Number of protein chains: 2
Amino acid sequence: MELTDPMDQLVAPASIDDFRSRLAGVIDQLPRRLRQCADHIAANEDRIAVSTVADLAVGADVPPSALIRFCQILGFSGFSEMQRLFRGAYVPGWPDYATRLADLKLGGAGSPTALLAEFIEAGRLSLESLATSVDDAVLGRAVAELAAADTIHIVGLRRAFPVASYLAYVFENMSVSAMLHDGIGKLDHRFALRPGDAVIAITFAPYSEETLALAHDAADRGLPVVALTDRQASPLAKFSSAVLTVPEVDFGAFRALSATIVLAMTLAVAVGAARE
Amino acid sequence: MELTDPMDQLVAPASIDDFRSRLAGVIDQLPRRLRQCADHIAANEDRIAVSTVADLAVGADVPPSALIRFCQILGFSGFSEMQRLFRGAYVPGWPDYATRLADLKLGGAGSPTALLAEFIEAGRLSLESLATSVDDAVLGRAVAELAAADTIHIVGLRRAFPVASYLAYVFENMSVSAMLHDGIGKLDHRFALRPGDAVIAITFAPYSEETLALAHDAADRGLPVVALTDRQASPLAKFSSAVLTVPEVDFGAFRALSATIVLAMTLAVAVGAARE
DNA sequence: AGCAAAATAGAATAAATATTCCAAATTGGC
DNA sequence: GCCAATTTGGAATATTTATTCTATTTTGCT
């Protein structure tokens with residue numbers, strides 16, 4: 001085979017699909033060693049992002065240099081470039097997103113329209129990421145627990161308050177007995193939480209003391225606590241029976257709540273439906 | 001914090017769960033920089049396997065050495081060992097958003113995950129149409145008017161209340177003087193609205209009387225009123241100086257606020273930026 | 001079988017990446 | 001407001017990892 005075919009050299013595959021079709025195009029005119037590379041790579045596409053040349057070479061049972069020649073035949077400059085494609089394709093857009101937003105300095109932000117475009121993009125990505133990250137089993141458990149409860153207590157302050165109030169609104173519309181704790185009358189937790197009730201606690205870093213306290217209190221009394229939070233290691237996780245995490249992109253101190261609101265709405269509507 | 005606690009040094013976390021609980025155990029006794037590492041790592045667990053120290057350090061906004069110290073506190077010998085753990089457990093999530101969404105829908109009509117898929121889709125559509133439907137000129141005018149105001153009055157009840165409270169939160173964080181009218185003390189409009197102030201009114205069909213009344217009142221006194229509503233023919237349009245419409249896609253009887261929240265955030269951040 | 005063209009292995013080198021270390025800055029206790 | 005202890009940043013270094021190069025082997029052709 002002609003290794004220096006100028007056609008192949010010109011440009012590297014720009015997407016995984018591109019990569020696949022290019023691989024399919026050459027695979028059966030490759031000599032033995034390179035064929036081994038192709039086979040092993042094709043069979044282990046999902047490990048390219050996290051492997052070294054040496055790892056893959058051992059797997060394919062070829063010397064490292066063969067693997068690199070193989071990458072070059074596909075149009076990459078070397079293994080690193082191919083790996084970059086696979087690393088970047090995984091949850092596309094996320095890697096440099098936080099950085100991009102961070103670069104958008106508040107003072108230097110362009111027109112409101114440009115800002116809007118950024119936030120729309122952030123919201124879109126958050127929703128996509130929500131789709132792939134939600135744990136069906138946990139969501140199901142959360143719905144079941146809330147559906148079985150007498151009264152649902154909702155607590156979420158500061159940044160989480162809009163979500164909490166939205167939940168309260170939807171529950172009310174569905175005639176589900178719910179109580180929104182807004183932290184104004186701070187003493188009422190202990191009297192309001194009754195056996196048979198359940199709690200939805202919403203908080204993001206920096207976690208609000210009052211929210212944690214109420215959730216803690218409820219857990220101590222054996223009530224189910226559903227957590228809507230930003231990560232598994234959240235302090236809420238310690239005393240929650242179901243932890244739902246929402247991957248949301250921050251902008252400075254601000255957080256677009258698109259994904260959180262959508263998840264909250266799902267929870268509320270599913271609970272309402274389950275009660276009928 | 002004692003960095004050389006012998007307990008932590010002894011053995012590296014053996015699993016991701018182990019890692020998470022160890023992280024949760026130390027996270028709130030870490031000093032500033034290390035705390036940043038912890039936050040960023042926790043929020044980007046899924047990228048550890050495919051990132052370099054430098055990448056993550058940039059994301060966390062710390063020097064690389066801080067990140068490595070952080071890994072060591074968790075019990076690893078360094079970053080590489082931590083990465084090894086995540087590479088082993090790595091299962092690529094791939095850009096299979098579409099597939100995943102389809103799977104969710106298949107969860108069976110009525111199941112929480114099927115619902116979630118529908119809401120995510122509705123949210124995405126709303127955001128996309130927001131991008132194309134916003135009138136730059138109107139948005140610019142709204143920002144200018146609000147930026148010039150002394151105090152910004154925010155009114156939005158029922159379904160719109162989460163958006164209003166979100167605006168109030170963001171303004172507060174940006175030290176913009178704002179007042180959230182929650183309809184509890186209904187008499188105060190007339191005394192609160194002062195010359196030089198401006199109003200953001202948010203309402204969707206069926207339009208809330210109180211919101212319209214406050215907006216009307218403000219317009220009568222010559223204050224600028226920015227409307228966030230669902231269509232140009234909204235009753236708010238009559239007495240608003242800038243009408244921003246949000247094309248929110250309904251799913252059944254329910255409306256997600258994804259696009260509305262994003263537009264509100266843009267407004268708030270742009271106003272905050274313009275004030276500096 | 002003999003020759004030219006292509007392919008290969010592995011050692012040598014280059015590049016990238018991780019880690020250490022210590023002077024400087026910060027924090028907390030008094 | 002000072003001192004001791006802790007934390008931090010970044011330059012220097014060590015290590016790992018990728019890539020190139022070339023002598024050697026294999027292949028395909030006559």
Side-chain angles (χ1 to χ4, degrees), chain A residues 1-9 12 26-41 44 47-88 95, chain B residues 1-9 12 26-41 44 47-88 90:
Chain A
M1 190 217 171
E2 177 51 75
L3 290 189
T4 49
D5 179 347
M7 290 298 294
D8 288 349
Q9 301 280 40
V26 296
I27 195 162
D28 34 38
Q29 40 184 318
L30 290 175
R32 186 170 125 267
R33 284 275 112 113
L34 294 176
R35 179 67 188 268
Q36 282 173 248
C37 293
D39 287 342
H40 187 254
I41 288 292
N44 296 72
R47 305 233 42 100
I48 296 173
V50 295
S51 300
T52 64
V53 170
D55 291 341
L56 291 168
V58 167
D61 192 28
V62 300
S65 53
L67 232 164
I68 283 161
R69 261 180 299 129
F70 166 77
C71 298
Q72 290 167 339
I73 285 170
L74 252 40
F76 298 104
S77 69
F79 174 76
S80 298
E81 196 181 5
M82 181 172 92
Q83 188 174 56
R84 214 155 23 239
L85 174 65
F86 280 85
R87 285 185 171 176
Chain B
M1 189 217 173
E2 179 49 79
L3 291 189
T4 49
D5 179 347
M7 289 298 294
D8 289 348
Q9 301 281 42
V26 297
I27 195 163
D28 35 38
Q29 39 186 317
L30 289 175
R32 188 169 124 266
R33 282 278 112 110
L34 293 176
R35 178 69 189 268
Q36 281 173 247
C37 295
D39 285 342
H40 187 254
I41 288 290
N44 298 351
R47 300 221 55 90
I48 297 173
V50 295
S51 300
T52 64
V53 170
D55 291 342
L56 291 169
V58 167
D61 191 29
V62 299
S65 52
L67 231 163
I68 283 160
R69 259 178 296 134
F70 167 76
C71 298
Q72 290 168 338
I73 284 169
L74 252 41
F76 300 104
S77 69
F79 174 76
S80 298
E81 194 182 2
M82 182 173 91
Q83 190 175 54
R84 210 145 38 231
L85 174 65
F86 280 86
R87 284 189 168 172
Y90 172 91

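First the proteins, then the strands, lettered A, B, ... as listed; each starts at 1. Values in this document were obtained by computation on a predicted structure and should not be read as measured data.
B/Cys71 contributes atom SG, which lies 11.0 Å from atom CG of B/Leu85 (distance to the nearest 0.5 angstrom). To the nearest 0.5 angstrom, A/Arg69 atom CZ is 5.5 Å from A/Leu34 atom CG. How far SG of A/Cys37 is from CD1 of A/Ile27: 10.5 Å, rounded to the nearest 0.5 Å.
As a whole-Å value, the separation of B/Phe70 CZ from C/dT19 P is 14 Å. Atom C1' of nucleotide D/dT15 and atom CZ of B/Arg84 are separated by 12 Å, given to the nearest angstrom. At whole-Å resolution of the value, CD1 in B/Ile73 and C1' in D/dT8 are 12 Å apart. Rounded to whole Å, the distance from CG on A/Leu34 to C1' on D/dT26 is 13 Å. As a whole-Å value, the separation of A/Arg87 CZ from C/dA16 P is 14 Å. At whole-Å resolution of the value, CG in A/Leu67 and C1' in D/dA18 are 11 Å apart. In this structure, A/Gln36 atom CD and C/dA7 atom C1' are separated by 13 Å, rounded to whole Å.
A search for salt bridge (charged side-chain N to carboxylate O under 4.0 Å, His left out) contacts involving A/Arg35 returns A/Asp39, not counting sequence neighbours. By the side chain to side chain contact (heavy atoms under 4.5 Å, CB included) test, A/Gln36 is found to be paired with A/Arg32, A/Arg33, A/Asp61, A/Val62, residues two or more places apart in sequence or in another chain being considered. For A/Ser51, the side chain to side chain contact (heavy atoms under 4.5 Å, CB included) partners are A/Arg47, A/Asp55, A/Leu56, not counting sequence neighbours.
Within the structure, every side-chain polar atom (N or O) of A/Gln83 is placed at least 4.0 Å from both OP1 and OP2 of D/dT17. The side chain of A/Gln72 places no N or O atom within less than 4.0 Å of a non-bridging phosphate oxygen (OP1 or OP2) of D/dT19.
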All N/O contacts under 3.5 Å from nucleotides 28-30 of chain D to the protein, with atom names and distances to one decimal?
none

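Considering only side-chain atoms of B/Ile68, the nucleotide from D/dG9, D/dA18, C/dA18 that sits closest is C/dA18. Here C/dC21 is the nucleotide among C/dC21, C/dT8, D/dT8 with the atom lying nearest to any side-chain atom of B/Ser65. When the nucleotides D/dT19, D/dT8, C/dT20 are ranked by their closest atom to the side chain of A/Pro64, D/dT19 comes out on top. Residue B/Phe79 has its side chain nearest to C/dA18 when only C/dC21, C/dA18, D/dT7 are considered.
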ask   = Run the side-chain contact (heavy atoms from CB on, under 4.5 Å) check on B/Phe86 and A/Val50 step by step: do they pass?
value = CA-CA 9 Å; B/Phe86 280 86; A/Val50 295; over 6 Å; no
inquiry  = Walk me through whether B/Leu67 and B/Ile41 qualify under side-chain contact (heavy atoms from CB on, under 4.5 Å).
reply    = CA-CA 9 Å; B/Leu67 231 163; B/Ile41 288 290; 4.0 Å; yes
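Within the 4.0 angstrom heavy-atom criterion, only backbone atoms of the sugar-phosphate kind lie near B/Ser80; the bases stay farther away.
Of the residues in residues 52-62 of chain A, A/Thr52, A/Val53, A/Ala54 come within less than 4.0 Å of DNA chain D through at least one heavy atom, sorted by number.
Side chain of A/Gln72 to main chain of A/Gly78: no donor-acceptor pair is present (N/O by atom type, distance under 3.5 Å, no hydrogens or angles).
Residue whose closest nucleotide on DNA chain C sits further toward the 5' end, between B/Arg32 and B/Gly78: B/Gly78.
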